[in-house]
Structure formats: structure tokens, C-alpha cells
**Q** 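Sharing a structure with you now.
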Amino acid sequence: MLIRIPRGWEIPERDVTPEALVFGRRAALRAAAGLGGAAIGLPALAQGAGHAAADALPAARNAKYPPGRDITGEREATTYNNFYEFGTDKGIHRAAQRLPQRPWTVKLDGLVGTPREFGIEDLLKTMPLEERVYRLRCVEAWSMVVPWTGFPLSALLAQVAPKPEAKYVRFETAVLPSVMPGLRQSWYPWPYVEGCTVEEAMNELSFVVVGAYGKLLPPQNGGPVRFHQPWKYGFKAGKSLVRISLTAERPKSFWEAIQASEYGFWANVNPEVSHPRWSQASERVLGTGERIPTQLFNGYGEWVAGLYTGLQKERLWA
Ligand code: MTE
């Protein structure tokens, strides 16, 4: 009999962390592959409570990007979410468990030499997985620090050979009306689309995320695969990606289509440029509630400021 293992927020952290750590990479991949088909609606299946979690996804931490702040508690990061396909409030984590995580395919197409489809198991097995502890600053002025597992977007793009005329990358996310009640809000321009320039996509910080806290990425955080560019506001990080296209035209994002005066294409974090309705000077830390100053480029200027040389005329700051 298959028993559902409670997700991270349902059990004390002390029960899960050591188990995830003792799991080998091979075991994690076997476990991930074992979710195929059977896992519809039940992301984590295993032998029984108290045993090692089937969704463990350990990867060596890359220490090059120290977050400078404490890691946000797993419970906070996985129960306070923005995922409008499941509803507009922050408490969608239970509803999101209905999002099937297997099978899952990400299509890479557009201006590429070799269009391809990647199954999530292929990505987990073949991409150079590492853990990066990145800050995430939401445009709503809250923030968190999460140990994400994933790989650089550049490694994925290398597999499809972008053509020289490709200038932008368009990210499209899943639309599954049978499990996503938010889609009934038909005035929103579904699907959730985001985009960046090819240069931004190739930056070493641009990260395709398949895990968090040493486990497969839970659906409410964008499982099984999402994007993250930590120097931009969090809405740029499309969740539950199904398609990545290389284009000549700048993609219009979900939020830009809704309210272009408030949410632009670039959306780089800048404490000195207020949102039309609130200040961006500081942020509320998820979990502790502490208020701290927001940093230019969310503190990642060392890696990304050079991307914007000569672009001062653009509206670079959301
Ligand atoms: N992706 C999709 N598909 N739908 C969404 O509503 N919300 C965005 C982004 N990605 C969103 C999305 C916003 S506004 C933020 S701040 C982050 O996801 C939140 O990620 P988190 O829930 O993991 O903190």
C-alpha cells in the first residue's frame, strides 16, 4: 500500500533534514524516477512515515553566492506563496498539491538550431545539479532566502543552440484548468508568461530550479521546474514551466499585460524606485517579520550590473 508522506510543512524540520542529507544522489534520482505516472496529485509517495523521503534531492552547495542572511524556514517558504493559477491569496499550498508533477515536459523551441523536449527525469539525471542559496525579493516588499537546487539556464540553452538572431527568452508556464481554480478568473491573461534578454538568460546567476531544501521542488513553489533570477523582482520567476522559447521580439509578460504602468519587462530590484503604490526601500523578512533595507539588484550587482550598461533609457526598475 502506498502511503502519502506529509510535505515539509506538515512535519517538524528535525524529522526530514537528516534523512535528506543521508540520501545519496543516485537514490534520489531513482526515487524521483519512481514517481512517474503513479504520482498524479500526490507528489511524494514512499514506504511509510519515518522513512527517508522519496522526494529527497541532495546536491552540493555552490558557496560562490553567500546570501548574507539566515535561510528562511522551510515551512514559511512553502506555505506563503504567489501562484495565481491556484488563487490570489498566499495560502494556496494545499490546492497546489493537485498539480501533477509527472509526467512533465519542458519544450525548448523558437530561434534555436535544435528544438527539443526535455522530460523532468532527463533534466534531473543529465543537468549539472547544484544547490544555491539565493535571496528572493517579491515586488510586494517581502523577501526570503531559499536553498534552491537546479542548474544554470545557460547549460540548458547550450543543448538547443540558440540562433544569433535570438534576442529574448520567453518562459511559459502550465495551464491545467482541471486542477487550477485561478484560471477561472478569465480576465487574467493566462498563461503566465515571463521573459528576459538572451544576455540576462546567459548570466551565471540565471537558475532553473528543480528543488528546494534538499528535496524535489514542491508544486506550490513551482514544481517540478521553475526559473529564478535573484536580482529581479520575484514575479519574473515563472513557476511550473512548460515552454522556453527563443524569440526576436520582446515577450510581453503576464503582469505587464495586466498593468504596464506598475510592472515592466526588466523589473530589476531597486530600493530607490518606488512602486506607484508603495515604497521599495525596505522589505519584510518572511518568518521573522524583521524589516531590512532592500539592496540595489537585490545585492547581486557584482554579477549583473554590467548587463545594463548603455540601457539607462530603458525602464530598468519594474
Ligand atoms: N508563476 C506563476 N506561474 N504564477 C504566479 O502567480 N507568481 C510570481 C512568481 N511566479 C507566479 C509565478 C510571484 S509574484 C512571485 S513573488 C514568485 O513566483 C513567488 O514564488 P514563491 O511562491 O516560491 O515564493
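Indexing begins at 1, ligand by ligand and atom by atom, following the structure's order. Start at 1 with the first residue, then count along the sequence.
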**Q** Measure the distances from the heavy atoms of G222 to every atom of ligand 1 and state whether one is below 4.0 angstrom.
**A** no

**Q** Got a sec, which residues hit side chain to side chain donor-acceptor pair (under 3.5 Å) with Y233, two or more places apart in sequence or on another chain?
**A**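 Counting only residues at least two positions away or on another chain, Y233 forms no side chain to side chain donor-acceptor pair (under 3.5 Å).
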
**Q** In the protein, which heavy atom is nearest to atom 16 (S) of ligand 1, and how far is it?
**A** C138 SG, 3.4 Å

**Q** At less than 4.0 angstrom from any non-hydrogen atom of W142, what atoms of ligand 1 do you find?
**A** 24 (O)

**Q** Check whether R132 reaches the backbone of G150 with its side chain - one donor and one acceptor, N or O, closer than 3.5 Å.
**A**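 Flag not set: sc R132 to bb G150 has no pair under 3.5 Å.
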
**Q** Please report which non-hydrogen protein atom sits nearest to atom 10 (N) of ligand 1, along with the residue it belongs to and the distance in Å to one decimal place.
**A**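 Atom 10 (N) of ligand 1 sits closest to the protein heavy atom A237 O, 2.7 Å.
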
**Q** Which bit of R226 gets closer than 4.0 Å to ligand 1, counting heavy atoms only: side chain, backbone, both or neither?
**A** side chain

**Q** Does E74 come within less than 4.0 Å of K215, counting only side-chain N to carboxylate O?
**A**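 So E74 pairs with K215 through a salt bridge.
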
**Q** Considering only protein heavy atoms, which is closest to atom 17 (C) of ligand 1, and at what distance to one decimal place?
**A**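 For this ligand atom, the closest protein heavy atom is G234 O, 3.6 Å.
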
**Q** For atom 24 (O) of ligand 1, what is the nearest protein heavy atom, given as residue, atom name and distance?
**A** M144 CE, 3.0 Å

**Q** With respect to atom 13 (C) of ligand 1, which of F254, W255, F235 exhibits the smallest heavy-atom separation?
**A**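 Among F254, W255, F235, the closest heavy atom to atom 13 (C) of ligand 1 comes from F235.
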
**Q** Just grab all the side-chain hydrogen bond (donor to acceptor under 3.5 Å, both in side chains) pairs involving residues 151-163, residues at least two apart or on different chains.
**A** R116-Q159

**Q** Does Y192 approach ligand 1 within less than 4.0 angstrom via side chain, backbone, both or neither, non-hydrogen atoms only?
**A** side chain

**Q** Counting heavy atoms only, which of K239, E140, H93 is nearest atom 22 (O) of ligand 1?
**A** K239

